[in-house]
Amino acid sequence: QVQLVESGGGLVQAGGSLRLSCAASRSIFSFNAMGWYRQAPGKQRQLVARFTSGGTIYYADSVKGRFTIARDNAKNTVYLQMNSLKPEDTAAYYCYAEAGLNYWGQGTQVTVSS
């Protein structure tokens, strides 16, 4: 059983920064991919950023140049550094991991005020 525990969400003004963390219960090398989705009220869940075990990194167009996904292998932790935040970034952010099945964290709320 895989557990993903997110932290780092909160309330920030537009233009500010937050860093989300996702701690996995096992080595992140065991996953084919890891990343972050977000879901705003009334909208579909959207892939924000992900990296694969092969080294491919993806960013949604809406966050390119502002968000950075990173990982600390020793800590089995994935991060999402979010800079220049906009009100439209407001959403619940979910960490996920692929290993045959998809595993999800519980989500962390990010609210950006204008």
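Just the heavy atoms: all of them, side chains too, but no hydrogens, waters or symmetry mates, feed the values below.
- Taking the charged nitrogens against the carboxylate oxygens, Lys86 and Asp89 have no contact shorter than 4.0 Å, which rules out a salt bridge.
- By the 4.5 Å heavy-atom criterion applied to side chains, Met82 and Trp36 are not counted as neighbours.
- Summarising the geometry of Leu47 relative to Ala60, their closest heavy-atom pair is O-CB, 3.4 Å, with the distance given to 0.1 Å.
- Rounding to the nearest 0.5 Å places CD of Gln109 at 10.0 Å from CG of Leu11.
- Pairing each heavy atom of Ala14 with each of Ser114, the nearest pair is CB-CA, 4.4 Å.
- Under the 4.5 Å side-chain heavy-atom criterion for Ile, Leu, Val, Met, Phe, Trp and Tyr, Met34 and Ile57 are members of the same hydrophobic cluster.
- Arg71 contributes atom CZ, which lies 5.0 Å from atom CG of Asn73 (distance to the nearest 0.5 angstrom).
- At most 12 heavy atoms of other shown residues, nucleotides or ligands fall within 6.0 angstrom of atom CD in Gln3.
- Atoms CG and CG, from Leu18 and Leu80 in turn, are 9.5 Å apart once rounded to the nearest 0.5 Å.
- A 4.5 Å side-chain heavy-atom check between Val63 and Arg38 finds at least one atom pair inside the cut-off.
- Tyr94 and Ile28 end up in different hydrophobic clusters when Ile, Leu, Val, Met, Phe, Trp and Tyr side chains are linked at under 4.5 Å.
- Checked against the 6.0 Å centroid criterion, the rings of Tyr96 and Tyr37 qualify as a close aromatic pair.
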Open item on the list: Between Asn32 and Ser53, does the side-chain hydrogen bond (donor to acceptor under 3.5 Å, both in side chains) criterion hold? Intermediate values first, please.
Closed with: CA-CA 5 Å; Asn32 297 322; Ser53 58; 4.8 Å; no

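- Glu6 places none of its side-chain heavy atoms less than 4.5 Å from the side chain of Leu20.
- Closest approach of Ser17 to Asn83, counting heavy atoms only: OG-OD1, 2.9 Å.
- Contact annotation: the side chain of Arg26 approaches that of Phe31 to within less than 4.5 Å [non-hydrogen atoms, C-beta and beyond].
- Residues Phe29 and Tyr103 do not share a hydrophobic cluster, defined by chaining ILVMFWY side chains whose heavy atoms lie under 4.5 Å apart.
- With rounding to the nearest 0.5 Å, the separation of CD in Gln81 from OG in Ser21 is 9.5 Å.
- Atom OG of Ser27 and atom CG of Asn76 lie 5.0 Å apart (nearest 0.5 Å).
- Across Ala91 and Ala40, no two heavy atoms sit closer than the pair CB-N, 3.8 Å.
- Residues Tyr58 and Ile69 have side chains not in contact (no heavy-atom distance under 4.5 Å, counting atoms from C-beta outward).
- Contact check for Ser62 versus Glu88: no side-chain heavy atoms found under the 4.5 Å cut-off.
- Aromatic ring orientation, Tyr93 versus Phe67: tilted (interplanar angle from 30° to 60°).
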